[in-house]
Amino acid sequence: MHEVTRWFPRHARAVPQTRTFAQTTLTAWGITSPDRIDDVLLCVSELATNAVQHGTTGNEQFLVKLAEDDARLRVEVHDPSRRRPRPQQPGDNDPNGRGLLLVYTLSDEWGVDPRSPRGKVVWFEFKVAVPTGATTSTGDAC
């Protein structure tokens with residue numbers, strides 16, 4: 001099993017930083033299938049954007065956790081907000097509201113769980129091919 005976590009600040013720069021963190025981690029784990037990686041990175045970006053825009057305030061941070069076990073990749077975004085996200089049905093001209101629809105469409109599974117003592121965890125999973133002998137990466141403690 002591989003697992004890595006990292007905290008990110010509530011700032012627009014956190015979204016590309018989160019994407020880079022995920023890409024670097026997946027490469028280290030040997031998960032390199034281009035079609036799956038692009039989908040994973042898009043979903044990471046969407047959940048990080050939601051954490052920055054809706055899940056944190058002031059100087060709060062959000063946590064990103066990547067875990068791979070038995071060819072399943074799980075990505076979690078932890079934030080302090082209790083507000084549960086839900087997929088929207090944006091109109092053709094609406095500039096926002098598609099993030100969770102993308103996560104729902106691209107991932108194999110996704111959900112929202114409460115986080116103790118407060119907040120929530122928004123997560124998604126992908127089935128991935130992991131080569132034998134891939135390296136283990138570690139990150140910040142949760």
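Only heavy atoms go into these numbers, but all of them, side chains included; no hydrogens, no water, no symmetry mates.
Summarising the geometry, atom CG belonging to Leu41 is positioned 11.5 Å from atom CG belonging to Leu106; distances are rounded to the nearest 0.5 Å. To the nearest 0.5 Å, the span separating CG on Asn59 from NE2 on His11 amounts to 11.0 Å. The line from NZ of Lys65 to NE2 of His78 is 6.0 Å long, rounded to the nearest 0.5 Å. Of the inter-residue distances, the one linking Gln61 atom CD with Thr56 atom OG1 reads 9.5 Å to the nearest 0.5 angstrom. In this structure, the separation between CG on Leu26 and NE2 on His2 is 11.0 Å, given to the nearest 0.5 Å. A distance of 8.5 Å separates CG of Leu73 from CD of Glu125, quoted to the nearest 0.5 Å.
Phe62 and Val4 end up in the same hydrophobic cluster when Ile, Leu, Val, Met, Phe, Trp and Tyr side chains are linked at under 4.5 Å. Connection of Leu47 to Trp110 is established within a shared hydrophobic cluster, with ILVMFWY side chains joined at heavy-atom distances below 4.5 Å, either directly or through further cluster members. In the hydrophobic clustering of this structure, Val44 groups with Phe21; members are Ile, Leu, Val, Met, Phe, Trp, Tyr whose side-chain heavy atoms approach within less than 4.5 Å, directly or through other members. Hydrophobic clustering of Ile, Leu, Val, Met, Phe, Trp and Tyr side chains at less than 4.5 Å, counting indirect connections, keeps Leu63 apart from Val121. Hydrophobic clustering of Ile, Leu, Val, Met, Phe, Trp and Tyr side chains at less than 4.5 Å, counting indirect connections, keeps Trp7 apart from Trp123.
Looking only at side-chain heavy atoms (C-beta outward), Cys43 and Phe126 come within less than 4.5 Å of each other. Within the 4.5 Å cutoff, no side-chain heavy atoms of Asn50 are placed close to those of Val122. Here the side chains of Phe8 and Val15 are not in contact, with every heavy-atom distance at 4.5 Å or above. Here the side chains of Asp39 and Ser107 are not in contact, with every heavy-atom distance at 4.5 Å or above.
Atom CZ of Arg83 sits in a sparse spot, with 12 or fewer heavy atoms from other residues, nucleotides or ligands closer than 6.0 Å.
Judged purely by atom type and a 3.5 angstrom limit, Asp108 uses its side chain to pair as donor or acceptor with the backbone of Lys127.
The two residues Pro80 and Gly55 have their closest heavy-atom pair at CD-O, 3.2 Å. The nearest pair of heavy atoms linking Phe124 to Val40 is CZ-O, 3.9 Å. Heavy-atom minimum distance, Pro9 versus Ala14: O-CB, 3.2 Å. Pairing each heavy atom of Val77 with each of Ala51, the nearest pair is CG1-CB, 3.8 Å.
Contacts of Arg118 classified as side chain to side chain donor-acceptor pair (under 3.5 Å), with partners at least two apart in sequence or in another chain: Glu60.
Residue pairs that meet the salt bridge (charged side-chain N to carboxylate O under 4.0 Å, His left out) test with at least one member in residues 19-34, sequence neighbours left out, do not exist here.
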Kindly indicate, with the supporting measurements, whether the criterion side chain to side chain contact (heavy atoms under 4.5 Å, CB included) is fulfilled by Trp29 and Leu66.
-> CA-CA 11 Å; Trp29 291 350; Leu66 285 81; 3.9 Å; yes
